[in-house]
Amino acid sequence: MEKVKVHPEPERCRVRFAPSPTGYLTLGGARTALYNYLFARHYKGTFILRIEDTDLVRSTQAFTDGILESMNWLGMEWDEGPFYQSKRLDIYKEYADKLIKEGKAFYREDPGKGTGVVFKMPEGIKLRVDDLIHGPIVFESEYLTDVVIVKSDGYPTYNFACVVDDSLMNVTHIIRGDDHISNTPKQIALYEGMGLPVPKFAHIPLILGEDKSKLSKRHGHNSVVEYKKLGYLPDALFNFLSLLGWSPGENIELMPKNEIIERFTIERVKHTPAQFNFKKLDWMNSHYIKNLEPAKLLALVKPLLTEAGYNVNKFDDVHQLTLVNLYRERAETLRDFVEATGFLFHDDVTYNPEAVEAYVKPAKSKEVLQDVFSGVNNLGEFSHASLETLLRNISENRKLKFKDIAQPIRVALTGNTVSPGIFETMELAGKEMVTKRLQKALQL
RNA sequence: GCCCCGAUCGUCUAACCUGGUUUAGGACACAGGUUUUUCAAGUCUGCAAUACGGGUUCAAAUCCCGUUCGGGGCACCA
């Protein structure tokens, strides 16, 4: 494939992300924004945010707010904007009038909709897109139709407003989804018709859903806010999205934001579409959860626990940190904390019947639980160390494997067979809860 | 239908531009071993791919052509 050189002048390149506020920020949109952001930061250029709200019917302020919030959440700060196309109507009108005056565009009546303005596609010319990712792509104008540039409601169309704005905002590189390739020759014809310089283009491959079609609402979770709600960390999603169609080589995958910026180049962006791999996102998210600073993790988890009705403040600050540190090893998403720590906050345990059958009901287990109950009651200090001594002793005296001690307690205390280490868990639950639940388990 | 883009393990990808260093590497997932206090995590091992057919060349995953398959676009949506 013929290569097109990027040549971004350091500190001079200008890129933009131009979402239309007709929905929340989708994963595909976020990835497009991300690649623009990475390009700008890597080359120390400028990242512009422009809201393409020229669809009067479908655009809403709520969606605009949602998009800005998602951008902030993912940590993609912009340098200029947000600019709103709906506030630039006079500018588009000026350019449209000029084209009409020069005979390059004309009014056209649509029987259903009214009078709009249409740009006449020049005949018999070749329109060449110098694509940074795909190489040169040539279109014959004979296959292209005239382009509507102003709708009958007076608003510019996407293809027109986009060209005028990119030119006026001095955008040097247009990085957008593959699905815009076929719009590009029309836009180039408009640039040329208005005598404006044509920017460079980089069409990045689409993100596909599990059925291999363009990722959309049909594929379930598709917006950034949903991923936030599901308990994914912004840095994890940032990292994951960066790898969907780009790779630094060298077999590196887990990278902090600054390293991604440092390594990102448009030359290394693939030209093949990528399927979204939820399992890998989970894995990556768990990695970020494991490595987050305790205080930051707590700040993220606490609201979720509170929202679930848990009285987190019954633990002091130190124990709150202990709690997140204990459970982070087992969490793939922040939501997992809610499920896993429930027993610590509920007055009563919800016993898993099978677990009770296997680890509490047997006579041997009851004897163990009785030992633990009296042992705990006689314990001077209720700590990890004293609990360990106690349980090890019981295990030795009864000639039982440690597992046969730990599991009955675990089920008695948490209602289930899964938890962090038994000493840590007991210590965190506290003496009162432990004795109360041992007593209850003994009645089963 | 027309125009355009694309094709490496199930998935994300490396190697492709600049052909030989490749018995095609890594990651996720999956399977097994190990560790162990349950579950995870960790660690070790295994499974698994150059769509097909022609060229070019001493040599092709890599360059060229075709076929097939997949995707995108063809709005007074963006």
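Throughout, protein chains are lettered first and strands after them, A, B, ... in sequence-line order, and every chain is numbered starting at 1.
When all heavy atoms of A/Gln85 and A/Ala161 are compared, the pair lying nearest together is NE2-CB, 3.4 Å.
Each salt bridge (charged side-chain N to carboxylate O under 4.0 Å, His left out) pair with one or both residues in residues 15-26 of chain A, not counting sequence neighbours, appears once here: A/Arg16-A/Asp166. Contacts classified as salt bridge (charged side-chain N to carboxylate O under 4.0 Å, His left out) and involving residues 324-342 of chain A (residues at least two apart or in different chains) are not found. Sequence neighbours left out, the pairs with a member in residues 177-187 of chain A that pass salt bridge (charged side-chain N to carboxylate O under 4.0 Å, His left out) are A/Asp179-A/Lys214.
Judged purely by distance below 3.5 Å, without hydrogens or angles, the side chains of A/Tyr158 and A/Asp55 never pair a donor atom with an acceptor atom.
Applying the side chain to side chain donor-acceptor pair (under 3.5 Å) criterion to A/Asn352, with sequence neighbours excluded, gives A/Asn416. Evaluation of the side chain to side chain donor-acceptor pair (under 3.5 Å) rule for A/Arg437 yields no partner, not counting sequence neighbours. A search for side chain to side chain donor-acceptor pair (under 3.5 Å) contacts involving A/Ser167 returns nothing, not counting sequence neighbours. Here A/Glu259 pairs with A/Arg263 under the salt bridge (charged side-chain N to carboxylate O under 4.0 Å, His left out) rule; sequence neighbours left out. A search for side chain to side chain donor-acceptor pair (under 3.5 Å) contacts involving A/Thr22 returns A/Ser20, not counting sequence neighbours.
For the pair A/Phe278 CZ and B/C30 C1', the computed distance is 19 Å after rounding to whole Å. The CD-P distance, from A/Glu210 to B/C28, rounds to 18 Å in whole Å. What separates NZ of A/Lys126 from C1' of B/C3 is a distance of 14 Å, to the nearest Å. With rounding to whole Å, A/Phe276 atom CZ is found 16 Å from B/U13 atom C1'. A straight line from CD of A/Glu267 to P of B/U13 spans 18 Å, rounded to a whole angstrom. Atom OH in A/Tyr359 sits about 14 Å away from atom P in B/U37, given to the nearest Å. Distance A/Gln275 CD to B/A29 C1': 13 Å, rounded to the nearest Å. Here the P atom of nucleotide B/A24 and the CG atom of A/Asn251 are 16 Å apart, to the nearest Å.
Residue contacts shown for A/Ser247 are limited to sugar-phosphate atoms, with no base heavy atom under 4.0 Å away. Counting non-hydrogen atoms under 4.0 angstrom, A/Leu208 reaches nothing in the nucleic acid.
The stretch residues 420-429 of chain A comes close to RNA chain B through A/Pro420, A/Gly421, A/Ile422, A/Phe423, each having a heavy atom under 4.0 Å from the strand.
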Quick one, give me the B/S/- string for nucleotides 72-78 of chain B, reading 5' to 3', where B means a protein heavy atom under 4.0 Å from the base and S means that only happens at the primed atoms, P, OP1 or OP2. SS--BBB
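Using a 4.0 Å cut-off, some side-chain N or O of A/Lys270 falls inside it from OP1 or OP2 of B/A14. In terms of phosphate contacts, A/His271 brings a side-chain nitrogen or oxygen within less than 4.0 Å of OP1 or OP2 of B/A7.
A distance of about 42 Å separates the C1' atoms of B/C5 and B/A41, rounded to the whole Å. Across the C1' atoms, B/C39 and B/A61 are found 42 Å apart, a figure rounded to whole Å.
Figure legend. B/G70 is base-paired to B/C5; pairs are counted as Watson-Crick or G-U wobble with both atom distances under 3.5 Å.
Checked against a 6.0 Å centroid threshold, the rings of A/Phe278 and A/Phe240 do not count as neighbours.
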Could you pull out the protein-nucleic contacts involving nucleotides 40-49 of chain B (nitrogen or oxygen on both sides, under 3.5 Å)?
none

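Both A/Tyr143 and A/His384 lie close to RNA chain B; mapped to their nearest nucleotides by heavy-atom distance, the more 5′-ward contact belongs to A/Tyr143. Each of A/Arg31 and A/Glu253 was matched to the nucleotide of RNA chain B holding its nearest heavy atom; the match closer to the 5' end belongs to A/Arg31.
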Using a 3.5 Å cut-off and no angle test, enumerate the donor-acceptor pairs between side-chain atoms of residues 26-36 of chain A and protein atoms at least two apart in sequence or in another chain.
| unit_1 | atom_1 | unit_2 | atom_2 | d |
| --- | --- | --- | --- | --- |
| A/Thr26 | OG1 | A/Gly29 | N | 3.0 |
| A/Arg31 | NH1 | A/Leu244 | O | 2.3 |
| A/Arg31 | NH2 | A/Pro205 | O | 2.1 |
| A/Thr32 | OG1 | A/Gly28 | O | 3.1 |
| A/Tyr35 | OH | A/Ser242 | O | 2.9 |
| A/Tyr35 | OH | A/Leu244 | O | 3.1 |
| A/Tyr35 | OH | A/Trp246 | N | 3.3 |
| A/Asn36 | ND2 | A/Thr32 | O | 2.9 |
| A/Asn36 | ND2 | A/Ile175 | O | 2.9 |

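If you check distances only, the side chain of A/Glu250 never reaches the base of B/G26 with a donor-acceptor pair under 3.5 Å.
Atom-to-atom distance recorded for A/Arg392:CZ and A/Phe402:CZ is 4.5 Å, nearest 0.5 angstrom.
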